[in-house]
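As structure tokens, the structure follows; a few thoughts come after it.
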Amino acid sequence: MDSISIRKTFLDFFNSKQHQIIDSAPMVVKNDPTLMFTNAGMNQFKDIFLGNSQIKYNRIANTQKCLRVSGKHNDLEEVGKDTYHHTMFEMLGNWSFGDYFKNEAIEWAWELLTDVYKINKDQLYITIFAGDSSEGLEKDKEAFNYWKEIVPEERIILGSKKDNFWEMGDTGPCGPCSEIHVDIRDKSEREKSDGASLVNTGNPLVIEIWNLVFIEFNRKQDGSLTSLPAKHVDTGMGFERLCMVLQNKKSNYDTDVFQPLINEIANRANVKYGLNENTDIAIRVIADHLRAISFAIADGQLPSNNKAGYVIRRILRRAVRYAYTFLGVKVPFINELLPTLVNQMGHVFKEIKSQEIIIKKVITEEENAFLRTLSKGIQKFENYISTSYEKKIIDGSFAFELFDTYGFPIDLTQLMAEEKGWTIDMSGFNKGMEEQKTRSRSAGAINAGDWIVLQNTEETEFVGYDTLEAEVNIIKYRKVKSKDKEFFQIVLDKTPFYAESGGQVGDKGCLLSINDNIVIVDTKKENNLIVHLADELPDDLMKTYTAKVDIDKRIHTADNHSATHLLHKALRIVLGNHIEQKGSYVDEERLRFDFSHFSKLTDEEIINVEKIVNEKIRENIHIEEQRNIPIEKAKELGAVALFGEKYGDFVRLIAFDTNFSIELCGGTHVDATGNIGLFKIVSETAIAAGVRRIEAITADKAIEYYTSQSNTIDEINKILKNPKDIIKAVNNLIEQNNNLQKQLDEFNKEKTKIVKTELIKKIKKINNINYLAEKVNLDLKNIKDLAFSIKSEINDLFLLIATESDGKPSISVMISENLVKDKGLNASNIVKELAKEIDGSGGGQSFFATAGGKNIMGIESALAKSINYIN
RNA sequence: GGGGAAUUAGCUCAGUUGGCUAGAGCGUUUGACUGGCAGUCAAAAGGUCGACGGUUCGAUUCCGUUAUUCUCCA
């Protein structure tokens, strides 16, 4: 069975069991501070488990794109070395939310694996939770009894809390799980030893294939467990692994999920897969990482220099490094593999097909950038080797500097050192690493206290679309410490405050009562929870408060947000339908819109975009809002859906003229476009390969902009005495200035020349030295020129020039090089001594030195004393 | 969020106890050689040393602030 049918069979099977089949959520997670990427199938249902969201379907199944590269599940460094770790993988799963439980979950899993996929029953083993006395938990008898009916008892293995009890985090929903393991060893091996003894022992051929989690408890802060009223089923089956089993392979990489990529890589690198351990690893790394970065970029996460974007960059760089070191490919080529991937997965995951061009462009650019980083690191490394050749040990601190500051991978440093017969002081390197880690941890440590729950309410009601003021009660709060700040997070039963999301900043405002005025400094979202940030708590937490949003900030933010929608559509009209939103930021000051486009916008295009937006503003189009419509209907209406945004099945739709702009959007907007007033683009720049950024202002800010521009022109006009043609007048001025500057230079040259000839005339020959000490009226730069110029004409020169500028004296001494050498004269020393006369100090080189001081009266004596040096 | 680094000619970069009136290669322009292309040789132009402030007689160099970029950690 090929991988495409395997995936389809899974979804069809659960569809036939009345499951709603849903799309994969984006790999890139928004609104969850604890998670950067989707790392398990259940992530998008976290709010349901936590009770923050309502259940829309009782039964769901899907295939979920997952990425395990950071945090608790970090498989990045393992990828490639074995046959089963991946950064990106698909997780097949079926869920029950308060609907069916252990019985059906077990029955269906068995049916699918053995009846549908036809896996040999003798090769399957079951694990169930054995119980844990320290938790006061008994063996999962329920699961055991169900399994016993379908599987011989000796194939059911009791597992510990570590293997068979699943927890989402330190607190929250959890429960026992039951895993299905499969033994894919050769028949002869299976006959020799029992597979049961190899379950959970790390054998790559006796592996877990499906994990069925039964969520029935809630872990409280004090560590105790309570039984949940609604029990859930959460299952996960690794797709790539399933393919391996069904295709009778011993490695995920041997399945048709990876083989086309592997062949392509081997082809292009001109190596054969399966002959050499090192090149095999490299090929697997590249195949895996290409998938991860392509899907991440499609989900809207561009490589960048921090956070999630940085993780993506690192994955790509790991791939480039393996290609560079083990395949000897030193030019960008990973981007060229993309068509193979798109060909293979584009029909299921449409996002990589529709964005193929931009993904390729971004990868190419990143490859080039990293190859540059590598060559810089190599240069640094070779410099180091050549300057400290005697010891043949590379300092840990230098290796760390290369890694930390220049991004040069440590194992590459090791490899290069080995080639030269050097070693690296790894303990020094590790020490630097440790220091860096502890520094970061202590700085980033956020100490969140327990939630203090005052009321039990399911979900905060957001009323901010309709009102900016509401009577509210506090349902829970907690104190949060981060580094030197301490603040409170407050959750309300309902709130007019918009929480930061979709690029729009969170609201500010206050909680008011007769005696209290608590300032809300920001509003953020943690999953679906709207959290208000405040520096202090109200005195009486049980009271009802008036929650008031900062109206000015909200209105101006809405201006900018609505303008962003108009801009988006205008860009599509002017530039074409390839425009995809890649990022957006909206606050009360301005708006920022990143979008895919391949060249700089011309002045004309920018003017056209501005023109369209301003026309739509003048049309004063009223907003059409539909708050809860099914996503299918929204798409029918032509709404622009954004990759990288997570949508429920019901969405909010914002239209300004249904024939013009329709977008799915949770943000706050103006009632009619006329409120925006005026729209002005202030900058257009590139931010990544194929991605451009427009920054713009609206309303008051735009008017201020034009006012200040106009004032500037008025000022210039005034200064130039109202010329007919201001541009011509300025050009004339510049030209005149250039001419004058030229003349001035000429004049100074002339003057210097005259002074020079006069000075040369005054030179006296004393003891075979051409001596002169004079005061002149030139600035310091000209004196320097003068001194060098005289030196080039007069041999055996001892020259002292003094001058006065801004009421301060300064002296310069110039001595011919041969005198410096033969007579031991040193201009620097001489000038230091003479500087005493003018209450100053100075220095310089042995043939030319300068000094400055405070006492003008000392110039004469300094000039007089200079003769002592040649006598 | 925290650390490290970079920013010098159109491009790629040198430039250490603060003072060599700021350099190289490539590119550009001009001239010579050649029938032309190309090339060789010679010469020239091109610098607010990222911005602002401080220390100093003097700052590309030292210190602080800031901007941008790179990089590592969380």
Side-chain angles (χ1 to χ4, degrees), chain A residues 33-36 69-72 74 303-311 313-314 317 366 368-370 372-377 379-380 383 387 397-410 413 429-430 432-447 480-485 683 685-688 752 779-792 801-806 808-814 817 820 826-829 831-855 858 862:
Chain A
T34 64
L35 209 55
M36 274 199 264
V69 287
S70 59
K72 190 171 112 190
N74 187 351
S304 75
N305 61 355
N306 52 31
K307 306 226 167 112
Y310 184 58
V311 175
R313 176 171 280 173
R314 247 173 41 198
R317 292 187 166 194
E366 279 294 317
N368 277 322
F370 187 53
R372 277 199 296 275
T373 301
L374 285 183
S375 77
K376 272 199 179 166
Q379 206 180 327
K380 277 247 166 230
N383 252 336
T387 53
S397 61
F398 177 71
F400 184 69
E401 187 195 351
L402 264 184
F403 169 77
D404 181 60
T405 305
Y406 298 97
F408 202 73
I410 183 64
T413 310
F429 175 84
N430 290 329
M433 201 73 180
E434 257 330 293
E435 283 169 9
Q436 154 117 298
K437 283 188 182 177
T438 42
R439 206 173 27 232
S440 287
R441 256 196 289 273
S442 64
I446 295 174
N447 186 355
V480 179
K481 273 186 220 165
S482 95
K483 213 180 172 208
D484 42 5
K485 279 179 292 180
S683 86
T685 49
I687 57 159
T752 310
D779 65 27
L780 287 173
K781 164 78 179 151
N782 282 322
I783 287 177
K784 203 170 189 180
D785 282 341
L786 182 67
F788 275 85
S789 161
I790 294 179
K791 186 187 70 154
S792 65
I801 302 176
T803 191
E804 235 185 276
S805 68
D806 299 334
K808 283 178 176 177
S810 81
I811 54 178
S812 307
V813 174
M814 173 67 88
E817 271 95 344
V820 173
N826 186 315
S828 183
N829 293 338
V831 94
K832 273 178 196 163
E833 286 180 45
L834 293 176
K836 289 174 190 160
E837 303 298 322
I838 53 168
D839 290 345
S841 61
Q845 303 135 81
S846 56
F847 69 96
F848 180 74
T850 56
K854 292 173 220 159
N855 178 17

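Computed from a predicted structure; not experimentally measured. Here is how names work: the chains are called A, B, and so on, in the same order as the sequence lines, proteins then strands, and each is numbered from 1.
In this model, no side-chain donor or acceptor of Glu435(A) finds a partner on the base of G3(B) within 3.5 Å.
RNA chain B contains the following stems of three or more consecutive Watson-Crick or G-U pairs, with both distances under 3.5 Å: B:1-7 with B:67-73, B:10-13 with B:23-26, B:28-33 with B:39-44, B:50-54 with B:62-66.
Residues satisfying the side chain to side chain contact (heavy atoms under 4.5 Å, CB included) criterion with Thr405(A), sequence neighbours excluded, are Glu401(A). Partners of Glu366(A) by side chain to side chain donor-acceptor pair (under 3.5 Å), not counting sequence neighbours, listed by chain and number: Arg313(A). In this view, Asp785(A) and Lys781(A), Asn782(A) satisfy the side chain to side chain contact (heavy atoms under 4.5 Å, CB included) rule, not counting sequence neighbours. By the salt bridge (charged side-chain N to carboxylate O under 4.0 Å, His left out) test, Arg314(A) pairs with no residue at all, sequence neighbours left out. Under the side chain to side chain contact (heavy atoms under 4.5 Å, CB included) criterion, Thr850(A) pairs with Ser812(A), Phe848(A), sequence neighbours left out. Take Glu804(A) and apply the side chain to side chain donor-acceptor pair (under 3.5 Å) test, not counting sequence neighbours, and it matches Lys775(A). Ile838(A) meets the side chain to side chain contact (heavy atoms under 4.5 Å, CB included) test with Pro809(A), Ile811(A), Ile859(A); sequence neighbours excluded. For Asn826(A), there are no side chain to side chain donor-acceptor pair (under 3.5 Å) partners, not counting sequence neighbours. Remark: Lys791(A) pairs with Glu817(A) by the salt bridge (charged side-chain N to carboxylate O under 4.0 Å, His left out) rule, at least two apart or across chains.
When rounded to the nearest whole Å, the span between CD of Glu817(A) and P of U21(B) equals 10 Å. For Tyr406(A) and G4(B), the OH to P distance is 13 Å, given to the nearest whole Å.
Thr850(A) comes within 4.0 angstrom of a base, heavy atoms only.
Between Arg439(A) and G4(B) there is no side-chain N or O to OP1 or OP2 distance below 4.0 Å.
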Could you go over nucleotides 15-17 of chain B and give all protein N or O partners under 3.5 Å, atom names and distances?
none

List, with names and distances, any nitrogen or oxygen atoms from the protein found under 3.5 Å away from nitrogen or oxygen atoms belonging to nucleotides 24-26 of chain B.
none

